[in-house]
S.K.: 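Below is one structure. I have some questions about it.
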Protein chains: 2
Amino acid sequence: MSIDTYSYDEVKELSRLFKLLAEPNRLNILCNLGMECRPVSDIVAATGLSQTNVSFHLRTLREAGLVRPERQGAFVYYCLPDVKLLSLLEQTKEWIRLRHKT
Amino acid sequence: MSIDTYSYDEVKELSRLFKLLAEPNRLNILCNLGMECRPVSDIVAATGLSQTNVSFHLRTLREAGLVRPERQGAFVYYCLPDVKLLSLLEQTKEWIRLRHKT
DNA sequence: CACACATATGAGCATTGACACATATAGTTA
DNA sequence: TAACTATATGTGTCAATGCTCATATGTGTG
């Protein structure tokens with residue numbers, strides 16, 4: 001297998017993504033979203049976080065393009081625009097699981 | 001495709017890993033290592049970081065088990081004990097590349 | 001042993017980021 | 001329009017962390 005060399009720009013971009021995923025509550029929001037679109041109030045209920053905090057994290061995720069808001073009446077539904085991200089998370093989780101088995 | 005639900009413990013562990021990868025210089029060290037074992041001085045030269053800083057980050061990575069030290073005389077060689085991590089990084093990089101193409 | 005080189009570590013500083021509080025905006029309904 | 005609900009945002013605080021300086025430890029060599 002040949003592994004690419006990484007330019008520092010690529011590394012920085014990678015790290016930017018990882019930073020977004022590095023905050024447990026923010027990551028939890030992403031994972032809880034899964035493939036469905038949910039209003040903020042649902043996420044608040046599912047995570048047990050304060051509304052302020054959920055909105056705070058959603059803003060970060062939104063600005064990064066990791067979630068997409070869709071207004072429906074008084075509610076704003078958030079969705080993952082790209083399911084592949086979930087697949088990456090899945091693989092990473094699997095990797096961690098195997099590591100622990102040592 | 002069915003997506004697992006994530007327990008909060010899993011999420012926290014995932015985020016712990018991402019946090020390690022979220023620091024650009026630390027990630028750069030990992031990427032520069034690739035599949036080879038290299039002494040600290042090499043990493044210092046390759047990254048342009050100070051020796052202190054490289055050692056600082058290597059310690060974090062070492063304590064997390066992401067790199068393994070091997071003393072050879074006066075030098076300490078660092079290696080990735082698990083190549084699959086590189087593959088995950090590779091896939092993530094690819095995902096980012098495709099995203100940008102929109 | 002003395003000295004030089006390779007690496008590690010502790011202390012202090014500066015920045016960042018998560019969170020809460022209060023408040024603002026947007027939509028709905030009476 | 002007024003009152004209510006859903007969501008967003010600005011400000012301040014506190015803790016975490018990256019970085020550097022100075023120094024310690026470890027290893028080979030004269």
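Letters A, B, ... are given to chains in the order of the sequence lines, protein chains preceding strands, and every chain is numbered from 1. Values below: every heavy atom of this structure, side chains too, minus hydrogens, waters and symmetry copies.
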S.K.: Under 4.0 Å from any heavy atom of chain B: name the first and the last nucleotide of DNA chain C that qualifies, 5' to 3'.
M.R.: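 Nucleotide range in contact with chain B: dA6(C) to dG10(C).
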
S.K.: For Asp82(B), is there any backbone N or O sitting under 3.5 Å from a side-chain donor or acceptor partner on Arg68(B)?
M.R.: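 Checking the backbone N and O of Asp82(B) against the side chain of Arg68(B), no donor-acceptor pair under 3.5 Å is found.
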
S.K.: Go through residues 73-82 of chain B and report each residue with a non-hydrogen atom lying under 4.0 Å from DNA chain C, sorted by number.
M.R.: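 Going residue by residue through residues 73-82 of chain B, the ones with a heavy atom under 4.0 Å of DNA chain C turn out to be Ala74(B), Phe75(B), Val76(B), Tyr78(B).
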
S.K.: Between Glu13(A) and Glu10(A) (side chain of the first, backbone of the second, donor and acceptor by atom type, cut-off under 3.5 Å), is there such a pair?
M.R.: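 Such a contact is absent between Glu13(A) side chain and Glu10(A) backbone.
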
S.K.: Are any of the side-chain heavy atoms of Leu80(B) and Leu30(B) separated by less than 4.5 Å?
M.R.: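 Contact flag for Leu80(B)/Leu30(B) side chains = yes.
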
S.K.: What is the distance, to the nearest angstrom, from the CZ atom on Arg71(B) to the C1' atom on dG28(D)?
M.R.: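 Computing the Arg71(B):CZ to dG28(D):C1' distance gives 11 Å.
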
S.K.: Quick check: on DNA chain C, is the nucleotide nearest Arg26(A) upstream (toward 5') of the one nearest Gln72(A), or the reverse? Name the residue that is more 5'.
M.R.: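 Closer to the 5' end of DNA chain C: Arg26(A).
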
S.K.: Under a 4.5 Å cut-off applied to non-hydrogen side-chain atoms, are Leu21(A) and Leu21(B) in contact?
M.R.: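 Leu21(A) vs Leu21(B): side chains apart.
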
S.K.: Report the residues that fulfil side-chain contact (heavy atoms from CB on, under 4.5 Å) with Asn25(B), sequence neighbours left out, ordered by chain and then residue number.
M.R.: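 Partners of Asn25(B) under the side-chain contact (heavy atoms from CB on, under 4.5 Å) test: Tyr8(A), Glu23(B), Leu49(B), Asn53(B), His57(B).
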
S.K.: Using the salt bridge (charged side-chain N to carboxylate O under 4.0 Å, His left out) criterion, which residues pair with Arg71(B)? Sequence neighbours excluded.
M.R.: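 Listed in chain order: nothing, the list is empty.
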
S.K.: Going hydrophobic residue to hydrophobic residue with side-chain gaps under 4.5 angstrom, can you get from Val54(B) over to Phe75(B)?
M.R.: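 Shared cluster, no.
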
S.K.: Rounded to whole Å, please give me the gap between CD1 in Ile29(A) and C1' in dT7(D).
M.R.: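 That distance rounds to 13 Å.
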
S.K.: Cluster question for you: counting only ILVMFWY and a side-chain heavy-atom cut-off of under 4.5 Å, with indirect links fine, are Tyr77(B) and Leu33(B) together?
M.R.: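 No, no single cluster joins them.
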
S.K.: Can you check whether Asn28(A)'s main-chain N or O pairs, donor with acceptor, with Asn32(A)'s side chain at less than 3.5 Å?
M.R.: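 Yes, Asn32(A) side chain to Asn28(A) backbone: donor-acceptor pair under 3.5 Å.
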
S.K.: For DNA chain D, which residues of residues 50-59 of chain B approach it to below 4.0 angstrom with any heavy atom?
M.R.: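 Heavy-atom cutoff 4.0 Å gives Ser50(B), Thr52(B), Asn53(B), Phe56(B), His57(B).
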
S.K.: Please give, in whole Å, the distance from dA8(D) P to Glu70(A) CD?
M.R.: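 In whole Å, dA8(D) P and Glu70(A) CD are 13 Å from each other.
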
S.K.: With the side chain counted from C-beta on, respond yes when Pro24(B) and Leu27(B) share a heavy-atom pair under 4.5 Å apart, and no when they do not.
M.R.: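 No, too far: nothing below the 4.5 Å cut-off.
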
S.K.: Quick one: is Lys19(B) getting a side-chain N or O under 4.0 Å of the dA16(D) phosphate, OP1 or OP2?
M.R.: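 So the side chain of Lys19(B) is outside the cut-off, no N or O lying under 4.0 Å from OP1 or OP2 of dA16(D).
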
S.K.: Please tabulate, for side-chain N and O atoms in residues 58-65 of chain B, each donor-acceptor pair with protein atoms closer than 3.5 Å (sequence neighbours left out).
M.R.:
unit_1	atom_1	unit_2	atom_2	d
Arg59(B)	NE	Glu63(B)	OE2	3.4
Thr60(B)	OG1	Phe56(B)	O	3.3
Arg62(B)	NE	Tyr78(B)	OH	3.3
Arg62(B)	NH2	Tyr78(B)	OH	3.4

